[in-house]
Amino acid sequence: MSVRVRYAPSPTGSPHVGNIRTALFCHFFARHHDGVMFVRIEDTDRARTVPGVEQEILESIRWAGIEWQEGPDKGGPFAPYKQSERQEQGIYQPYIDELLNSGNAYKAFDTPEELDEMRQYQQINKKPFGYFGGAWRDATPALVGEAEASGKKPVIRLRMPRGKMLVVNDAIRGRVEFESDLVDDPVLIKADGMPTYHFAAMVDDHLMGTTHVIRGEEWISSAPKHVWLFEAFGWEPPVFVHVPVIKGKDGAKLSKRHGDTKMLDYRAAGYLPGALANFITLIGWSPGGDREIMSMEEIASCFKLEGLQPSPGVFDADKLKWMNGNYIRALTPEQLISEVSGYVTNSEVAAYFGSEDHGDPLAVEGLALLKSAFESNPAYVGRVLPLEQERVTTLAEFGPACAFFFVDEVTFDEKAVEKWFVGQGHVEALFNHLIAGLDGRSSISLEECRALVQQFVDQEGLEKLGPAVHPARVALTGKTAGPGLFELMEVLGPARMLSRLQRAKGMIR
RNA sequence: GGCCCGUUGGUCUAGCGGUUAGGACGCCUCCCUUUCACGGAGGAGAUCACGGGUUCGAUUCCCGUACGGGUCACCA
């Protein structure tokens with residue numbers, strides 16, 4: 001039987017890295033088995049559905065490099081792939097009727113207030129919480145008829161069995177047992193007529209031929225309800241795969257408090273999708289052995305359920321940065337240019353670094369400089385970028401790192417000026433030497449730059465390059481750290497260097 | 001609180017009865033070198049949560065305990 005997995009997000013909030021990791025697992029599993037991955041939108045809660053989120057979900061998984069064959073955006077043999085539409089088409093009706101007729105479901109007319117009271121009572125008396133019968137599980141037909149006649153809108157609940165051991169076969173944990181007496185009767189159809197997750201997802205999983213249900217660990221405690229539903233229908237259940245949650249540095253479930261959690265925030269922050277996808281699939285999954293940096297293809301080819309971990313993992317932002325730097329360094333010059341130009345023109349980037357949570361004026365400024373340089377002098381940018389490639393860990397860092405290439409007047413670092421412009425007797429002579437060598441030229445090669453500096457070193461009888469290189473770098477960039485001096489000189493060109501050198505001369509003390 | 005799941009250096013992990021417990025991030029040292037970074041070579045850091053078994057032998061198997069997590073909605 002060929003594998004069919006579903007990614008079934010609920011459009012109630014922006015997808016975060018945990019959600020996307022689940023989607024990644026679905027994708028790799030399906031691809032590994034040449035199976036099908038489909039997306040199904042679980043929007044049965046009308047009140048909590050947030051407009052636009054469905055698009056964000058699709059955009060997030062698309063950016064992550066996930067491929068799906070069927071979904072709300074592309075249709076498929078089991079369309080529609082949105083539960084609200086399936087409900088409108090009456091797809092769930094015959095199944096709830098079937099359950100009602102077989103006695104596996106019943107109508108309950110409790111009011112929310114009555115249920116509240118019940119829960120309070122259970123809490124005070126230290127009883128298990130939940131609907132274990134209430135007033136309606138065993139109500140007489142007469143009573144039900146009466147309630148119906150009075151116009152009350154009931155919910156429909158699943159009648160869980162009593163005195164039975166419910167077994168969930170989890171692909172990661174093996175056999176997990178639940179005493180049925182401790183599992184309460186879940187609502188299948190709400191009073192407004194909409195199905196709940198418990199009902200719609202299981203019916204759809206069956207109807208859509210789902211072979212494996214890959215979902216978050218938070219579902220494991222309701223899994224016995226799902227298993228029973230399949231049994232009540234006489235259907236073959238799918239294989240359940242409950243993947244562990246992702247935690248923040250403090251050990252609590254990843255949330256907004258931990259900084260970025262929205263998937264697309266990482267795009268705005270300058271992460272490459274391949275790096276992010278690589279990194280998050282390694283939380284809770286391992287190919288075995290030492291492999292870490294892997295392309296989507298590589299992961300798909302060796303992805304096995306056995307590599308999935310049962311315990312939660314912590315999201316280590318430092319390691320993500322390292323991995324992203326790795327991916328940036330692996331970019332060809334052409335890829336580098338296209339990645340960065342796409343990045344700086346993305347409006348969500350400026351918004352991200354301008355926001356209160358991630359405010360970073362230096363990034364905003366540097367990225368704006370980069371963006372306008374792309375417009376005015378793309379060839380120059382193309383030469384600048386490779387010089388910083390191995391020095392950044394995110395696309396955003398190209399902004400501040402490259403800024404000195406694009407400004408008319410560099411910003412001098414106080415300490416750098418202090419160290420190299422003060423009390424260094426040879427610096428003025430150095431600058432004059434460079435100015436003389438640069439004057440009148442339209443361009444200069446890396447080797448010519450080296451020769452020019454070397455010439456001064458020889459003239460002055462200096463033992464090392466340092467005393468010439470360091471002041472020159474500060475004069476040209478304002479900083480003590482950056483690309484190799486000769487590389488940066490070549491790209492900067494004579495004209496820019498001349499004006500910087502002149503200005504720096506005035507700062508010698 | 002009930003039920004369920006988990007527990008290898010700070011973090012992600014390899015391991016699947018016998019290993020000097022391996023790798024990666026981070027940290028430190030050194031090398032390379034015109035700085036930073038990259039790269040390279042080392043280092044510190046784990047009584048494999050604890051206590052009992054099983055076994056000739058347990059990080060690996062079983063049972064408790066502790067700790068952590070998940071879940072107890074007409075939310076998913």
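Chain naming here is simple, since letters A, B, ... match the order of the sequence lines and numbering starts at 1 in each. Computed from a predicted model, the values in this text were never measured in an experiment.
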Answer yes or no: does a side-chain N or O of Thr44(A) lie under 4.0 Å from OP1 or OP2 of rA76(B)? yes
Take atom P in rG15(B) and the same atom in rA66(B), then report the distance between them in whole Å. 31 Å
With a sphere of 6.0 Å drawn around NZ of Lys190(A), does it hold more than 12 non-hydrogen atoms of other residues, nucleotides or ligands? yes
Can you tell me the pairing partner of rC25(B) across any strand shown, Watson-Crick or G-U wobble, with both distances under 3.5 angstrom? rG10(B)
What's the gap between rC27(B) and rA37(B) when it is taken at their P atoms, as a whole Å value? 10 Å
Are any of the side-chain nitrogens in Asp184(A) or Lys225(A) under 4.0 Å away from the carboxylate oxygens of its partner? yes
Nearest whole Å is fine: how far is rA73(B) P from Leu188(A) CG? 16 Å
With both distances kept under 3.5 Å, what pairs with rU55(B), Watson-Crick or G-U wobble? none
With both distances under 3.5 Å as the test, what is the Watson-Crick or G-U wobble partner of rU65(B)? rA49(B)
Qualifying residues under side chain to side chain contact (heavy atoms under 4.5 Å, CB included), relative to Gln123(A), sequence neighbours excluded: Phe129(A)
How far, in whole Å, is rC28(B) from rU33(B) if one measures between their P atoms? 23 Å
Would you kindly give the CZ-to-C1' distance between Arg473(A) and rU35(B), to the nearest whole Å? 4 Å
Complementary nucleotide of rC75(B), counting Watson-Crick and G-U pairs under 3.5 Å: none
Without decimals, in angstroms, what is the distance between Trp285(A) CH2 and rC12(B) C1'? 13 Å
Heavy atoms from C-beta onward define the side chain here; which of rA24(B), rA76(B), rG69(B) lies closest to that of Glu292(A)? rA24(B)
Carboxylate-amine/guanidinium contact Arg291(A) Glu298(A), below 4.0 Å: yes
Between Ile246(A) (CD1) and rG6(B) (P), how many Å, whole number? 19 Å
Validation row: Asn104(A), Leu229(A) side chains within 4.5 angstrom (heavy atoms): no
With a 4.0 Å cut-off on heavy atoms, is Asp170(A) in touch with a base, just the backbone sugar-phosphate, or nothing at all? nothing
Any strand: nucleotide that pairs with rU60(B) via Watson-Crick or wobble, under 3.5 Å: none
Salt bridge (charged side-chain N to carboxylate O under 4.0 Å, His left out) involving Lys249(A) - partner list, sequence neighbours excluded: Asp316(A)
RNA chain B: 5'-proximal contact among Val245(A) and Lys225(A) (nearest heavy atom): Val245(A)
With rounding to the nearest 0.5 angstrom, report the NZ to CD1 distance, Lys107(A) to Ile189(A). 11.0 Å
Watson-Crick or G-U wobble partner of rC36(B), both distances under 3.5 Å: none
So if I take residues 118-132 of chain A and measure heavy-atom distances to RNA chain B, which residues fall below 4.0 Å? Arg119(A), Phe129(A)
Less than 4.0 angstrom between a side-chain N/O of Arg48(A) and OP1 or OP2 of rA76(B), yes or no? no
Would you verify whether the NZ or CZ of Arg215(A) falls within 45 degrees of the ring axis of Phe240(A) while also being under 6.0 Å from that six-membered ring's centre? no
So, Gln120(A) versus Asp116(A): side-chain donor-acceptor pair below 3.5 Å or not? no
Could I get the full list of side chain to side chain contact (heavy atoms under 4.5 Å, CB included) partners for Arg162(A), not counting sequence neighbours? Phe132(A), Arg137(A), Met160(A), Asp181(A), Asp185(A)
Output the single nucleotide from rG6(B), rG69(B), rA76(B) whose closest atom is nearest the side chain of Asp45(A). rA76(B)
N-O pairing of Glu54(A) and Lys82(A) below 4.0 Å: yes
If the P atom of rG6(B) is compared with that of rA46(B), how far apart are they to the nearest Å? 27 Å
Using whole Å, what does the distance between atom P of nucleotide rA24(B) and atom CE of Met294(A) come to? 15 Å
By the 4.0 Å heavy-atom rule, please label Val155(A) as base, sugar-phosphate, or nothing. base
Taking the C1' atom of each, how far is rG52(B) from rC16(B), in whole Å? 23 Å
Just to be sure I understand the rule, does Gln309(A) reach a base, reach only the sugar-phosphate, or reach nothing, if contact means heavy atoms closer than 4.0 Å? sugar-phosphate
Can you check the distance between rC50(B) and rA58(B), where both ends of the measurement are the C1' atom (answer in whole Å)? 15 Å
Same-atom distance (P) from rU20(B) to rG40(B), integer angstrom: 28 Å
Hey, which of these two, Asp184(A) or Ser10(A), hits RNA chain B nearer its 5' end, going by closest nucleotide? Asp184(A)
Can you measure Asp290(A) atom CG to rA21(B) atom P for me and round it to whole angstrom units? 16 Å
Letter per nucleotide, 5' to 3', of nucleotides 36-42 of chain B [B base touched, S only sugar-phosphate touched, - untouched; heavy atoms, 4.0 Å]: BBSS---
Consider the side chain of Glu487(A), meaning its heavy atoms from C-beta on, and name the nucleotide among rG6(B), rC25(B), rU34(B) that approaches it most closely. rU34(B)
Closest to the side chain of Leu465(A), out of rA76(B), rG6(B), rU34(B), is rU34(B)
Test item: Pro287(A) and Cys302(A) side chains (from C-beta on) under 4.5 Å apart, heavy atoms: yes
For Ile189(A) and rC74(B), give me the distance from atom CD1 to atom P, rounded to whole Å. 14 Å
Determine all donor-acceptor pairs shorter than 3.5 Å in which one atom belongs to a side chain in residues 395-402 of chain A; sequence neighbours excluded.
from	atom 1	to	atom 2	distance (Å)
Glu397(A)	OE1	Thr393(A)	N	2.7
Glu397(A)	OE1	Thr393(A)	OG1	3.4
Glu397(A)	OE2	Thr393(A)	OG1	2.8

Selected nucleotide, minimal atom distance to Phe178(A) side chain, candidates rC3(B), rA76(B), rU34(B): rC3(B)
When you get a sec, tell me which of rU11(B), rA24(B), rA76(B) is the closest nucleotide to the side chain of Tyr197(A)? rA76(B)
Roughly how many Å apart are rU13(B) and rC72(B), using the C1' atom of each and rounding to a whole number? 32 Å
Does Lys247(A) place a side-chain N or O at less than 4.0 Å from the phosphate oxygens OP1/OP2 of rU11(B)? no
Distance, rounded to the nearest Å, where Leu320(A) contributes CG and rC12(B) contributes P: 14 Å
Contact class for Gly284(A) (heavy atom, under 4.0 Å): base, sugar-phosphate, or nothing? sugar-phosphate
Considering every strand shown, what is the Watson-Crick or G-U wobble mate of rC3(B) when both distances are under 3.5 Å? rG70(B)
Base, sugar-phosphate, or nothing: which does Ile283(A) touch, judged by heavy atoms less than 4.0 Å apart? sugar-phosphate
